[in-house]
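This report concerns only the one structure given below.
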Amino acid sequence: MRVSQLFTKTSKTAPADEVAKNAQLLIRAGFIHKEMAGVYAYLPLGLRVLENIKKIVREEMNAIGGQEVAMTTLQPRDIWEKTDRWDDKKVDNWFKTRLANGTELGVGLTHEEPIVDAVSGYLNSYKDMPFYVYQIQNKFRNELRAKSGLLRGREFLMKDMYSFSPNQEVHEAAYEKVVEAYHRVYARLGLGEITYRTYADGGIFTPRFSDEFQTLSEVGEDTIYVDESRKIAINEEILTDENLAKLGLNKDDLVQKKGVEVGNTFHLESKYTDALDVYYTDENGQQQSIIMGCYGIGVSRLMGVVAEHFSDENGLVWPESIAPAKVYLVRIGSEDATRHADELYEELTAKGIEVIYDDRNERPGAKFADAELMGIPYRVTVSDRLIEAGEYEYTVRTTGETQNLTRDDLLAKLN
RNA sequence: CGGGGUGUGGCGCAGUUGAUAGCGCGCUCGGUUUGGGACCGAGAGGUCGAAGGUUUGAGUCCUUUCACCCCGACCA
């Protein structure tokens, strides 16, 4: 991608209507556009990041056997009434709309009911389970207060997965497989060390605890207590002596922290399947309840968390796994430098290396500043002076470390 | 939803006791520059969030309303 052809531009000033660091940086760098409070559009570079996160999530869900689907945003009222989740008194953050004939519809905020409805016709026997179904799509929630940039929006991208098991034992195994996959997702995003499996309230449908995945951050909304040696935590909401005993946690080992909930996993028992009259037939020909689990990852929220966490005074610092490009190629100088830079751009692109090529007639300082603001992992500079020496300058975004390399050494570094 | 704050060119801001809008960045054109966000010159661009009112006259005062931010409450 050539910067001269990129329609977005960077800005030296942060927008006045954003305080959250993630939103300020992402908007300054031209990654996102704020449409209204809690609703952001993804521009070319931001979309690349989002797609890269989706790819990681998708790979890990597929790896445990997840089957991807795409459910609808428009929701019929009846299935939600069967589970008693239509009433605004029960679920108060629904967006609702109407058909021309007056029929009330919901705008999807989660998908337990429609998923159960969709799989019900295929799910008849114990032989059909266990299985996972997931999707990555926009969710809509009428939050009373959107805030913190991408961390709490009204329209946001979420991966939601649902498991179907014939009994509790199978469910437990399926559930733990998801927990492991979640740890791999966060590790690949560079958040593994600061993301804790956290015991939390299981919700109104189950006496069990749920698990949240909390990434430590000062801007987090949740207060959690971390047992650092065991790498687990407990949400303040359920911090009672009784629960600590139940979970085998020792109060003295816990440290209070702030966290952002970047994922959660719930035990749903048979609440939804029973309510929607979906059962299976067991080995003995008897009708049995289906045990469900549901598992969420806030994909757009993760983008905000990464932006927030991996950044410095010069801008964003993307982990290589999700950066919009691997290399920011800076061209300084005249025809000779242009020829060399064009050539390098073509060569790297041909090798499948994503390059943002700054071919503008800007001064070097402006290009370096943009490379840093955009947070591209590696910067390569081509200039008349370097060409004369037969070298390329190579700079690492995380450390600022710079070295001059021969063409072969540079290509080896970038491979 | 309670409390507090803010709306003025694309972005960031100033605008005094009311007199029909200004600065920086960015943008356009010309020239000089080219290793850390260049400089000089010339330009373009705004019904001051919206509606109503007071007044000879409103960005400024009053009323209503919309939007956005922060704190809190809320967050299947």
Side-chain angles (χ1 to χ4, degrees), chain A residues 7-20 23-24 27-30 33-40 75 80 83-94 106 108-113 139-149 151-154 156 158 160 200-206 210 212 219-222 235 237 260-261 264 266-268 271-272 275 292 294 296 298 301 314-315 330-338 358 360-374 379 381-389 391-393 395 400 402 404:
Chain A
F7 78 81
T8 58
K9 291 185 169 60
T10 59
S11 168
K12 282 185 225 177
T13 52
D17 65 348
E18 294 283 7
V19 170
Q24 287 195 343
I27 290 171
R28 279 187 57 206
H33 166 76
K34 182 183 207 162
E35 191 61 31
M36 56 179 136
V39 179
Y40 296 86
Q75 292 294 317
W80 296 86
T83 58
D84 197 22
R85 291 213 293 177
W86 178 258
D87 195 325
D88 288 337
K89 291 188 200 70
K90 292 281 166 51
V91 178
D92 63 5
N93 57 358
W94 269 109
L109 79 173
T110 183
H111 285 256
E112 285 81 4
E113 285 82 348
K139 292 285 189 277
F140 300 85
R141 295 186 186 179
N142 202 349
E143 299 286 348
L144 283 171
R145 182 183 164 205
K147 59 171 183 171
S148 307
L151 301 187
R152 178 168 290 280
R154 296 196 169 98
F156 56 95
M158 179 174 172
D160 48 319
D201 183 22
I204 55 176
F205 307 129
T206 159
S210 65
E212 293 175 344
V219 300
E221 294 181 304
D222 290 294
N235 196 305
E237 294 162 3
V260 178
E261 185 184 347
N264 56 42
F266 283 90
H267 302 278
L268 299 182
K271 156 81 184 173
Y272 295 95
M292 279 181 76
C294 78
R301 177 181 280 183
N314 294 321
V330 174
R331 188 203 74 202
I332 301 172
S334 54
E335 298 81 17
D336 215 22
T338 302
D358 199 338
R360 298 173 300 173
N361 290 322
E362 290 291 334
R363 295 172 67 85
K367 297 188 179 189
F368 294 152
D370 279 348
E372 284 153 12
L373 177 59
M374 290 181 190
R379 187 180 83 206
T381 303
V382 174
S383 72
D384 294 328
R385 181 210 288 177
L386 287 159
I387 290 167
E388 233 169 274
E391 290 174 330
Y392 296 83
E393 184 183 88
T395 302
T402 292
N404 289 355

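The chains referred to below are lettered A, B, ... by the order of the sequence lines, with proteins before strands, and numbering in each begins at 1.
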Whole-Å distance separating the [atom1] atom of [X] from the [atom2] atom of [N]:
X: A:Glu391; N: B:G35; atom1: CD; atom2: P; answer: 17 Å
X: A:Ile27; N: B:G10; atom1: CD1; atom2: P; answer: 17 Å
X: A:Asp88; N: B:C75; atom1: CG; atom2: P; answer: 14 Å
X: A:Met158; N: B:C75; atom1: CE; atom2: P; answer: 16 Å
X: A:Gln24; N: B:C69; atom1: CD; atom2: C1'; answer: 11 Å
X: A:Phe368; N: B:G35; atom1: CZ; atom2: P; answer: 9 Å
X: A:Asp17; N: B:C13; atom1: CG; atom2: C1'; answer: 15 Å
X: A:Lys89; N: B:C1; atom1: NZ; atom2: C1'; answer: 17 Å

Candidate nucleotides [options], ranked by approach to the side chain of [X] - the nearest:
X: A:Ile332; options: B:G37, B:G12, B:U34; value: B:U34
X: A:Leu144; options: B:G35, B:C1, B:C75; value: B:C1
X: A:Val19; options: B:U34, B:C70, B:G36; value: B:C70
X: A:Leu386; options: B:C13, B:C71, B:G35; value: B:G35
X: A:Arg141; options: B:G36, B:A76, B:C71; value: B:A76
X: A:Arg145; options: B:C68, B:G37, B:A73; value: B:A73
X: A:Asn93; options: B:G37, B:A73, B:C75; value: B:C75
X: A:Ala366; options: B:U34, B:G37, B:C69; value: B:G37
X: A:Thr10; options: B:G35, B:C75, B:G37; value: B:G37
X: A:Glu393; options: B:G35, B:A38, B:C75; value: B:G35

- Give a yes or no on whether a donor-acceptor pair under 3.5 Å exists between the nucleobase atoms of B:G36, that is its base, and the side chain of A:Glu372.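 Between B:G36 and A:Glu372, which were checked side chain against base, a qualifying N/O pair under 3.5 Å is present.
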With rounding to whole Å, what would you report as the distance between [N] and [M] at their [atom1] atoms?
N: B:U33; M: B:C40; atom1: C1'; result: 11 Å
N: B:G46; M: B:G10; atom1: C1'; result: 12 Å
N: B:A76; M: B:C61; atom1: P; result: 43 Å
N: B:G31; M: B:G35; atom1: C1'; result: 23 Å
N: B:G59; M: B:A73; atom1: C1'; result: 36 Å
N: B:U8; M: B:A50; atom1: P; result: 10 Å
N: B:A67; M: B:C23; atom1: C1'; result: 26 Å
N: B:A21; M: B:U47; atom1: P; result: 12 Å

- Message: When you measure from the side chain of A:Gln24 to the backbone of A:Glu18, do you find a donor-acceptor pair of N or O atoms at a distance under 3.5 Å?
- Response: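 Judged by distance alone, yes, a pair lies under 3.5 Å.
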- A:Ser11 backbone acceptor or donor facing A:Arg28 side chain under 3.5 Å: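 Looks like yes, one N/O pair under 3.5 Å.
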- Query: Taking all non-hydrogen atoms of both residues, which atom of A:Ala146 and which atom of A:Gly38 are closest, and how far apart?
  - Reply: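 Minimum heavy-atom contact is CB-CA, 3.5 Å.
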- Item | Minimal non-hydrogen separation, A:Val91 against A:Arg85, with atom names |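 Shortest heavy-atom separation between A:Val91 and A:Arg85 comes out as CG2-O, 3.6 Å.
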At under 4.0 Å between heavy atoms, what does [X] touch on the DNA or RNA strands: base, sugar-phosphate, or nothing?
X: A:Arg379; value: base
X: A:Ala37; value: sugar-phosphate
X: A:Glu237; value: nothing
X: A:Arg28; value: base
X: A:Asp92; value: sugar-phosphate

- For RNA chain B, the expected dot-bracket line (Watson-Crick or G-U under 3.5 Å, [ ] crossing, | inter-strand) is (((((((..((((.....[..)))).((((((.....)))))).....(((((..]....))))))))))))....
What residues form a side chain to side chain contact (heavy atoms under 4.5 Å, CB included) with [X], not counting sequence neighbours?
X: A:Arg360; value: A:Val3, A:Ser4, A:Tyr328, A:Asp358, A:Glu362, A:Lys367, A:Asp370
X: A:Glu261; value: A:Glu212, A:Gln214, A:Asp222, A:Asn264, A:Arg301
X: A:Glu335; value: none
X: A:Asp88; value: A:Trp94, A:Lys96

- Item | SB check A:Lys147 A:Glu221 (cutoff 4.0 Å) |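 Here A:Lys147 pairs with A:Glu221 in a salt bridge, since their nearest N and O are under 4.0 Å apart.
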Suppose we screen for side chain to side chain donor-acceptor pair (under 3.5 Å). Which residues come up paired with [X], at least two apart in sequence or across chains?
X: A:Asp336; value: A:Arg339
X: A:Asp384; value: A:Ser334
X: A:Asp84; value: A:Lys90

- Item | In B:U20, glycosidic geometry as syn within 90° of 0 or anti otherwise |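 Syn, which is what one calls it when the glycosidic angle falls within 90° of 0.
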- Determine, stepwise, if the pair A:Arg379 / A:Glu393 fulfils salt bridge (charged side-chain N to carboxylate O under 4.0 Å, His left out). CA-CA 8 Å; A:Arg379 187 180 83 206; A:Glu393 184 183 88; 3.6 Å; yes
- Task: May I ask you to verify if any side-chain N or O of A:Lys34 is less than 4.0 angstrom from the OP1 or OP2 atom of B:C69?
- Result: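 Affirmative; the distance criterion is met.
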- Task: Please check the phosphate of B:A38 (OP1 and OP2 only) for any side-chain N or O of A:Arg363 closer than 4.0 Å.
- Result: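 So the side chain of A:Arg363 is within the cut-off, an N or O lying under 4.0 Å from OP1 or OP2 of B:A38.
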- Item | Residue whose closest nucleotide on RNA chain B lies nearer the 5' end, A:Glu18 versus A:Glu143 |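 Its nucleotide being nearer the 5' end, the pick is A:Glu18.
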- Go along nucleotides 23-29 of chain B 5' to 3' and tag each nucleotide: B for a protein heavy atom under 4.0 Å from its base, S when only backbone or sugar atoms are that close, - otherwise. --SS---
